[in-house]
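The figures here come from the full heavy-atom set of this structure, side chains too, leaving out hydrogens, waters and symmetry mates. From a predicted model like this one, the values you see are computed outputs, not experimental measurements. Per chain, numbering begins at 1; letters A, B, ... match sequence-line order.
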2 protein chains.
Amino acid sequence: MLLSKTSEYGIRAMLHLAGIGGREYVSVKRISETLDISFHFLTKIFQQLARAGLISSYRGPNGGVRLEGDAKTITLRAVVIALDGPDLFTKCVLGLPGCTEDRPCPLHDHWATSRSEIENMLGEKSLDEVGQDLRSGGYRLKAGAEWTGS
Amino acid sequence: MLLSKTSEYGIRAMLHLAGIGGREYVSVKRISETLDISFHFLTKIFQQLARAGLISSYRGPNGGVRLEGDAKTITLRAVVIALDGPDLFTKCVLGLPGCTEDRPCPLHDHWATSRSEIENMLGEKSLDEVGQDLRSGGYRLKAGAEWTGS
DNA sequence: CAGTTTTAAGACAATTTTATCGGTTATGTT
DNA sequence: AACATAACCGATAAAATTGTCTTAAAACTG
């Protein structure tokens, strides 16, 4: 599995926020119900994202979470790094410590290519852009739903 | 993490066998010591690979495991599928069931590209070819070793 | 101020993955 | 036949991941 459940949920939630657009706070409860994700688990995920500075949160009535700063500058790559850590983009595919150009594993170069392909996929598009895709319709963020942009 | 520990170990062990070349049986104990992998764990991995038909095994003195059939036809893709299952090559990157062209997640197309890149990396080269690379030197399969082809 | 809504945070439980251990069975050697 | 080697197999344990619950703390409402 490429991504942990934590990252899967986190990405879906962040894309959902991007799809909504706007700067209002959205309650985690609401998001968890819309996307069919465990509320308490999602809460923790947002706490991590808040510590990483990717969202801000607000307590009390009409509180919730929202994308922090400019959605144009947030990438999925940053979300994955905040939740799963940077291993996917840095570690040897065979788990060998100190796998470098000098002392490579047999897959070193090949994996470097695949990895940058993945890094591109997650890093080239901003959350804002994907949000626009979502609003244009035709995409979904949960099982069985046609669209979950809002 | 792209691959499970099981697959990481399995690939390293299979590449090791390919690097040795030849048709003799090599004991799992010996392999586990050479590659610094838990013996009992590696035993189980080879059992899975045997059930998948990628290796054959032989009990008793001078027994062990060896690549089954022609090393030219075995790919790392087959090893990963035997150990981790086909999910990496089939499932939605966000874990959404039924994510298809018709009803895609926002990453569907992008992931399809990255995925086939990975599938290529693991599927285009045979174990035999990587084995030759190993014998030519300069690669390693364990932490801290210069070369573990034999 | 009391009560409600909502995130924050930590403890706890379940599940999956990773790893270890011990005994059994097959095979070869003496 | 007795012994050594080595894969096979099931049970167990440790660790990481995933998920749940409970209590706090903050913010609003009346």
Query raised in the report: Say you draw a straight line from NE2 of A/His16 to CD1 of A/Ile31; how long is it, rounded to the nearest 0.5 Å?
Result: 5.5 Å

Requested in this report: Measure from the side chain of A/Phe41, starting at C-beta and using heavy atoms only, and say which of D/dT20, C/dT7, C/dA19 lies closest.
Outcome: D/dT20

Query raised in the report: When we call it a touch if two heavy atoms are under 4.0 Å apart, what does A/Val65 touch: a base, just sugar-phosphate, or nothing?
Result: nothing

Query raised in the report: Ignoring hydrogens and geometry, is there a side-chain-to-backbone donor-acceptor pair from B/Arg135 to B/Val130 under 3.5 Å?
Result: no

Requested in this report: Nearest-nucleotide wise, let me know which of B/Gly63 and A/Ser38 is further upstream toward the 5' end of DNA chain D.
Outcome: B/Gly63

**Report entry** Partner set under side-chain hydrogen bond (donor to acceptor under 3.5 Å, both in side chains) for B/Ser126, not counting sequence neighbours
**Finding:** B/Glu129

Requested in this report: Could you check how far CD of A/Glu8 sits from C1' of D/dT17, rounded to whole Å?
Outcome: 13 Å

Query raised in the report: How long is the line joining CZ of B/Arg12 and C1' of C/dT18, in whole Å?
Result: 15 Å

For residues 83-97 of chain B, which side-chain N or O atoms pair as donor and acceptor with protein atoms under 3.5 Å away, sequence neighbours left out?
{"from": "B/Asp84", "atom 1": "OD1", "to": "B/Ser4", "atom 2": "OG", "distance (Å)": "2.4"}
{"from": "B/Asp84", "atom 1": "OD1", "to": "B/Ser7", "atom 2": "OG", "distance (Å)": "3.2"}
{"from": "B/Asp84", "atom 1": "OD2", "to": "B/Ser4", "atom 2": "N", "distance (Å)": "3.3"}
{"from": "B/Asp84", "atom 1": "OD2", "to": "B/Ser4", "atom 2": "OG", "distance (Å)": "3.2"}
{"from": "B/Asp84", "atom 1": "OD2", "to": "B/Ser7", "atom 2": "OG", "distance (Å)": "2.9"}
{"from": "B/Thr90", "atom 1": "OG1", "to": "B/Pro86", "atom 2": "O", "distance (Å)": "3.1"}

Tabulate atom names and distances for all N/O pairs under 3.5 angstrom spanning the protein and nucleotides 28-30 of chain C.
{"from": "C/dG28", "atom 1": "OP1", "to": "B/Tyr58", "atom 2": "OH", "distance (Å)": "2.7"}

Report task. Check the distance between D/dT5's P and B/Ile31's CD1 and give it to me in whole angstrom. Result -> 18 Å

Report task. Let me know the distance between CD1 of A/Ile37 and C1' of D/dT20, rounded to the nearest Å. Result -> 16 Å

Report summary line: All heavy atoms of B/Asp109 vs all of B/Glu101, minimum pair found to be OD1-OE1, 3.8 Å

**Report entry** Partners passing ring pair (Phe, Tyr, Trp, His ring centres under 6.0 Å) against A/Tyr9 (at least two apart in sequence or in another chain)
**Finding:** A/Phe41

Query raised in the report: When the distance from CG of B/Leu42 to P of D/dA7 is rounded to whole Å, what number comes out?
Result: 10 Å

Query - Contacts of type salt bridge (charged side-chain N to carboxylate O under 4.0 Å, His left out), residue A/Asp128, not counting sequence neighbours - result: none

Query raised in the report: Atom CZ of A/Phe39 and atom P of C/dT6: how far apart are they, to the nearest Å?
Result: 9 Å

Requested in this report: Using whole Å, report how far NZ of B/Lys5 lies from C1' of C/dT16.
Outcome: 16 Å

Query raised in the report: Does a nitrogen or oxygen in the side chain of A/Ser57 sit under 4.0 Å from OP1 or OP2 of C/dT6?
Result: no

Query raised in the report: Can you check the B/Glu68 CD to D/dA7 P distance for me, whole Å?
Result: 16 Å

Report summary line: Per-nucleotide protein contact along nucleotides 9-14 of chain C, 5' to 3', at a 4.0 Å heavy-atom cut-off (B base, S sugar-phosphate only, - neither), is BBB---

Query raised in the report: Cluster question for you: counting only ILVMFWY and a side-chain heavy-atom cut-off of under 4.5 Å, with indirect links fine, are B/Ile45 and B/Leu35 together?
Result: yes

Query raised in the report: Which pairs with one or both residues in residues 92-127 of chain B pass ring-ring contact (aromatic ring centres under 6.0 Å, His included), sequence neighbours excluded?
Result: none

Side-chain donor-acceptor distances from residues 51-65 of chain A under 3.5 Å, at least two apart:
{"from": "A/Ser56", "atom 1": "OG", "to": "A/Arg66", "atom 2": "NE", "distance (Å)": "3.4"}
{"from": "A/Ser56", "atom 1": "OG", "to": "A/Glu68", "atom 2": "OE1", "distance (Å)": "3.0"}

Requested in this report: With sequence neighbours left out, write down each residue that passes salt bridge (charged side-chain N to carboxylate O under 4.0 Å, His left out) with B/Arg77, or none if nothing qualifies.
Outcome: B/Glu119

Query raised in the report: Do any N or O atoms from the side chain of A/Arg140 and from the backbone of B/Arg103 form a donor-acceptor pair under 3.5 angstrom?
Result: yes

Query raised in the report: Taking only N and O in the side chain of B/Thr6, is any of them less than 4.0 Å away from OP1 or OP2 of C/dT18?
Result: yes

Report task. Within residues 77-95 of chain B, find the residues that approach DNA chain D with a heavy atom at under 4.0 Å, and present them sorted by residue number. Result -> none

Query raised in the report: Any side-chain N or O of B/Tyr25 under 4.0 Å from OP1/OP2 of C/dT27?
Result: no

Report summary line: The bend of the helix from C/dC1-D/dG30 to C/dT30-D/dA1, taken between the axes of its five terminal pairs at each end and rounded to 10°, is 10°

Requested in this report: State yes or no: do A/Phe39 and A/Ile11 share one hydrophobic cluster built from I, L, V, M, F, W and Y residues joined by side-chain heavy-atom distances below 4.5 Å, directly or via other members?
Outcome: yes

Query - salt bridge (charged side-chain N to carboxylate O under 4.0 Å, His left out) partners of B/Lys5, counting only residues at least two apart - result: B/Glu8

